[in-house]
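First comes the structure, then the notes that go with it.
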Amino acid sequence: MLESKHLCLTENLVGEILIEDVFDDEGNIIMSKNSVINEYAFQTLLKTKVDKVKIYPSIKENFTVSRNKPELCYKESIIEMQKIMARLATGEGISLNRLDMVSSSLSLEINKNNQIIGNIGRIKDKDEYTYNHSINVAIYSAFIGKLIGLDEEENIELIQASLLHDIGKSKVPKEILNKKGRLTEEEFIIVKKHTTDGYIMSKRISCLTEDVREAILYHHEREDGSGYPHGVKGHKINIYAKIISIADVYDALTSERVYKDKSSPFDAIKEFYRMGIQKFSRPILAIFFKNVVQFYVNCRVKLNDGTIGKIEFVHPQNITGPIVNVEGNYINLSQDNSLKIEEIVE
Ligand SMILES: [Fe+2]
């Protein structure tokens, strides 16, 4: 059971993390669960009529959530995730070795079976981007799995499927994978085959369940039936594939490729809306967006006018327009349409 404590706003809460959403007296959400309270957020809370908030116990209180890593506490794991999300947003990426650390910070253990590590290694030899992308997708997926309450066994399967979702790309010629321009129809047919090829390859990995294999097959299917390889609709797509499809697109949008610049997380969220959120599981999208943006609070950002600022606050009802501090001026990007975040720089 997750313990928590209520703290009155008479105490300094800077550095604490909210265990539940905070609402004003009219019932409007003003801060999201899992937000780290910085100075700006604390001052915002003081201006409301809220007198108590629920926060995670501190590290000092030796609170434990993981049986395997008893030293790890939930608050610490959120702070760790914040660092990792910031790294992913700057394009630094993380190594497979560090995934173990990430998974344990999410109270997970990936299957150490060499079949999985060996197979992902095959992707690395072929295509460095797909290898890094697979690790990133595993991180976002594990985060979503945790948010929607998958149990530990399900989360392990989800991470396995995420790591291997693009394994079929090892059969796609490199020139097509890294082509700068638009793919021809023939080339796109070849790329699409990575789903069915991945499924066939997954049959040879004995430790995988059929649900994991199906997630590999269906990670490009869409809720409205517009995906591939079979064009199946939402009710036929398993939960792992639904999660991986969101993590996959989010990482692709926020990563740099030979043929495109990376988008900021906030532009990536807007892009999901532009593409059509009916293609994805809406409840999963909503919970992912609401939570992932909080990890970028306190990150340094470059705006489109070249200035550097720091994200101070992301209002839960305005997740694509954060408040950015540029040399002491607080700019509300949801109100200033001329400015936007170009990239996260740190
Ligand atoms: Fe894929």
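Here, residue 1 is the first one in the sequence, and each next residue gets the next number. As the structure lists them, so they are numbered: ligands from 1, and atoms in each ligand from 1.
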Metal proximity, D248 vs the Fe ion (ligand 1), N/O/S cut-off 2.8 Å: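 No, D248 does not qualify, because none of its backbone or side-chain N, O or S atoms lies under 2.8 Å.
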2.8 Å cut-off met by an N, O or S atom of H219 to the Fe ion (ligand 1):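 Yes, H219 qualifies, because one of its backbone or side-chain N, O or S atoms lies under 2.8 Å.
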Aromatic ring proximity, centroids under 6.0 angstrom, F295 and F143: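 When the ring centroids of F143 and F295 are compared, they turn out to be within the sub-6.0 Å range.
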Qualifying residue for side-chain hydrogen bond (donor to acceptor under 3.5 Å, both in side chains) with H220, from H230, H194, K192, H165: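 The side-chain hydrogen bond (donor to acceptor under 3.5 Å, both in side chains) with H220 is passed solely by H194 among H230, H194, K192, H165.
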K279 versus S226, side-chain donor and acceptor atoms under 3.5 Å: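 The answer is yes; a qualifying pair exists.
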Residue D166 atom name (nearest to the Fe ion (ligand 1); N/O/S):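 So the atom name we want here is OD1.
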Salt-bridge contact E223-K233 (side-chain N to carboxylate O under 4.0 Å):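 So E223 does not pair with K233 through a salt bridge.
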Angle subtended at the Fe ion (ligand 1) by NE2 of H220 and NE2 of H194, nearest 10°: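 Vertex at the Fe ion (ligand 1): approximately 90°.
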